[in-house]
Peer 1: 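This is the structure I have questions about; it appears just below.
Naming: A, B, ... by sequence-line order, numbering from 1 per chain.
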2 protein chains.
Amino acid sequence: MSWQNVLSENGYRVSGPRRYVMQLLESNAQPMTPLEIYQALSESGRPLGIVSVYRALELLAELGLVCMVYNPDGSAGYVAGAGGHHHHIVCQNCHRAIAFAGSEDLSSLIQRVEKETKFHVSDHLLQLYGICPDCQKALADAVEEN
Amino acid sequence: MSWQNVLSENGYRVSGPRRYVMQLLESNAQPMTPLEIYQALSESGRPLGIVSVYRALELLAELGLVCMVYNPDGSAGYVAGAGGHHHHIVCQNCHRAIAFAGSEDLSSLIQRVEKETKFHVSDHLLQLYGICPDCQKALADAVEEN
DNA sequence: GACCTTATTGATAACTTTTTTCATTAAGCT
DNA sequence: AGCTTAATGAAAAAAGTTATCAATAAGGTC
Ligand SMILES: [Zn+2]
Ligand SMILES: [Zn+2]
Ligand SMILES: [Zn+2]
Ligand SMILES: [Zn+2]
């Protein structure tokens, strides 16, 4: 189901700002802050109030159409969400964030921790950090040049 | 090594504000925001500028003595860090955060994702969410009363 | 313990980010 | 095309964070 349909079927309108924000995030793998989104859209001739960016993000996040990605330094940004349970792997060099399916097997870990802490685990947050293929290549080339 | 020693050995002084913040976080399992820390300390007769809270947290985080815990809603707070590689499990009811050792086995997951995405994985962020033993009991009791 | 040096603090102000308010606009429906 | 009302934009308020600099106190020396 397209994000337009998700909006409609939940009784929300497919408005300009929502479309701009969604399309921008879909076209850009780097997580973006509200301000960055506002600036990018303004520069590309899609003037909208920054307030609308905040409101669009709030709604899109609620509907699971975008999600937050945390950087190791604690800063965070939004990326277009893949829908369903998934996680992101983030490049520490170019900050690109790629989703990977949540079919991971954490069950043995979760069982161990449940036994250890007596907690009941029902959810989790997982992100991987590393270097993307492009940056691996770029970094390797840079070394060669020396 | 105690956090006092970590400060000293890195050339930092064990000052009042740093002590206040560290002791508060050590005595409180719930992640706290800078403002919450400031208010709690003010109320308990340890007046300090909120600026000092920010500065203390920045330094303590850099030294790995405190760390950030993310709530499912995107908000975040600081808890006293256990040192070394570890993660937190957070109670969705009382927000208590307990550390668990990072001896988890994510290697098969990481290998799968590396193959899938061609990324080189070098780090990760993992948090579990659930219900702590106390809250399990409290919630069960609440049901019985009906 | 008194004294010295200098890292650290606190108060203020500046700045950034987020939320509120409300009149105006436009999305979706008929 | 016209209607209804959700959604937007501009401005202001509120909240959160960072910068500045004189005053303070931590840690070392005598
Ligand atoms: Zn990269
Ligand atoms: Zn998962
Ligand atoms: Zn609990
Ligand atoms: Zn780990």
Side-chain angles (χ1 to χ4, degrees), chain A residues 1-25 31-63 65-71 73-78, chain B residues 1-24 31-63 65-66 68-71 73-78:
Chain A
M1 187 154 58
S2 71
W3 56 264
Q4 287 96 335
N5 286 338
V6 174
L7 282 174
S8 295
E9 302 205 349
N10 284 83
Y12 298 105
R13 297 178 179 175
V14 180
S15 69
R18 287 169 189 167
R19 206 165 39 228
Y20 299 157
V21 170
M22 203 60 212
Q23 287 174 346
L24 174 63
L25 291 183
M32 301 181 83
T33 65
L35 184 60
E36 286 167 345
I37 293 171
Y38 169 72
Q39 290 171 335
L41 291 176
S42 298
E43 282 168 20
S44 67
R46 288 183 193 72
L48 79 177
I50 191 168
V51 184
S52 298
V53 175
Y54 278 99
R55 282 188 291 222
L57 287 172
E58 182 182 25
L59 179 63
L60 295 171
E62 198 179 297
L63 297 175
L65 296 171
V66 302
C67 53
M68 265 216 180
V69 171
Y70 300 96
N71 289 115
D73 70 357
S75 65
Y78 291 90
Chain B
M1 186 158 54
S2 72
W3 56 264
Q4 287 96 335
N5 286 338
V6 174
L7 281 174
S8 296
E9 302 205 350
N10 285 84
Y12 298 105
R13 295 179 180 174
V14 180
S15 68
R18 287 168 187 167
R19 205 165 40 229
Y20 299 157
V21 170
M22 201 62 212
Q23 287 173 345
L24 174 62
M32 300 181 84
T33 64
L35 184 60
E36 285 168 345
I37 293 170
Y38 169 72
Q39 290 171 336
L41 291 176
S42 297
E43 283 168 19
S44 66
R46 288 183 194 73
L48 78 176
I50 190 169
V51 183
S52 298
V53 176
Y54 279 99
R55 282 189 290 223
L57 288 173
E58 183 182 24
L59 179 63
L60 296 171
E62 198 179 298
L63 297 175
L65 296 171
V66 302
M68 265 216 178
V69 172
Y70 300 96
N71 290 115
D73 70 356
S75 65
Y78 291 89

Peer 1: Can a donor-acceptor pair be found between the side chains of A:R13 and A:S15 at a distance below 3.5 Å?
Peer 2: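 Judged by distance alone, the side chains do not pair up.
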
Peer 1: For A:G16 and for A:P34, find the nucleotide of DNA chain C with the closest heavy atom, then tell me which residue's nucleotide is more 5'.
Peer 2: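 Looking at DNA chain C, the more 5' nearest nucleotide goes with A:P34.
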
Peer 1: Expressed as a whole number of angstroms, how long is the span from A:R46:CZ to D:dT8:P?
Peer 2: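 Rounded to the whole Å, the gap is 16 Å.
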
Peer 1: Please report, rounded to the nearest Å, how far the C1' atom of D:dA25 is from the CG atom of B:L48.
Peer 2: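 The answer, rounded to whole Å, is 15 Å.
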
Peer 1: Measure CG/A:L59 against P/D:dT8 and give the value in whole Å, please.
Peer 2: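 Checked: the CG to P distance equals 9 Å.
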
Peer 1: Within the structure, does a side-chain N or O atom of B:S52 lie under 4.0 Å from either OP1 or OP2 of C:dT9?
Peer 2: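 No, outside the criterion.
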
Peer 1: So which one's nearest nucleotide on DNA chain D is more toward 5', B:V14 or A:V51?
Peer 2: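 So the residue in question is A:V51.
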
Peer 1: Please classify the nucleic acid contact of A:I50 as base, sugar-phosphate, or nothing, using heavy-atom distances under 4.0 Å.
Peer 2: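 It contacts nothing in the nucleic acid.
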
Peer 1: Looking at A:S15, I'd like to know whether one of its side-chain N or O atoms comes within less than 4.0 Å of OP1 or OP2 on D:dT8.
Peer 2: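 The answer is yes; a side-chain N or O of A:S15 sits under 4.0 Å from OP1 or OP2.
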
Peer 1: Whole Å only: how far is the CG atom of B:L7 from the P atom of C:dA7?
Peer 2: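 The distance from CG of B:L7 to P of C:dA7 comes to 15 Å, rounded to the nearest Å.
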
Peer 1: In chain order, what residues pass the side chain to side chain contact (heavy atoms under 4.5 Å, CB included) check against B:M32, with sequence neighbours excluded?
Peer 2: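 Only B:L24, B:L25, B:N28, B:E36, B:I37, B:A40 meet the side chain to side chain contact (heavy atoms under 4.5 Å, CB included) criterion with B:M32.
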
Peer 1: Among the nucleotides D:dG16, D:dT8, C:dT12, which one has an atom lying closest to any side-chain atom of B:Y54?
Peer 2: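 For B:Y54, the side-chain atoms sit closest to D:dG16.
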
Peer 1: A:L57 CG to C:dT17 C1': how many Å, rounded?
Peer 2: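 Rounding to the nearest Å, CG of A:L57 and C1' of C:dT17 are 13 Å apart.
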
Peer 1: Tell me every residue that passes ring-ring contact (aromatic ring centres under 6.0 Å, His included) with B:Y12, counting only those two or more places apart in sequence or in another chain.
Peer 2: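 Partners of B:Y12 by the ring-ring contact (aromatic ring centres under 6.0 Å, His included) criterion come out as none, since no residue qualifies.
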
Peer 1: B:M32 CE to D:dG16 P: how many Å, rounded?
Peer 2: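 To the nearest whole Å, that distance equals 14 Å.
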
Peer 1: When the distance from CZ of A:R13 to C1' of C:dA26 is rounded to whole Å, what number comes out?
Peer 2: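 One finds 7 Å between C1' of C:dA26 and CZ of A:R13, rounded.
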
Peer 1: Would you say A:R18 places a side-chain N or O within less than 4.0 Å of OP1 or OP2 belonging to D:dA7?
Peer 2: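 So the side chain of A:R18 is within the cut-off, an N or O lying under 4.0 Å from OP1 or OP2 of D:dA7.
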
Peer 1: What nucleotide among C:dT17, C:dG10, C:dT8 has an atom nearest to a side-chain atom of A:L35?
Peer 2: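 Per side-chain heavy atoms of A:L35, the pick is C:dT17.
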
Peer 1: Contact class for B:R55 vs. all strands (heavy atom < 4.0 Å): base, sugar-phosphate, or nothing?
Peer 2: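 Since a base atom lies under 4.0 Å of B:R55, the category is base.
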
Peer 1: What distance separates A:E43 CD from A:Y38 OH, expressed to the nearest 0.5 Å?
Peer 2: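 So the gap between those two atoms works out to 10.5 Å.
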
Peer 1: Could you tell me how far apart A:E58 (CD) and D:dA6 (C1') are, to the nearest whole angstrom?
Peer 2: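 After rounding, the reported distance stands at 15 Å.
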
Peer 1: So, taking the atom named CD in B:E58 and the one named CG in B:L63, what distance separates them when rounded to the nearest 0.5 Å?
Peer 2: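 Here the rounded value is 10.5 Å.
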
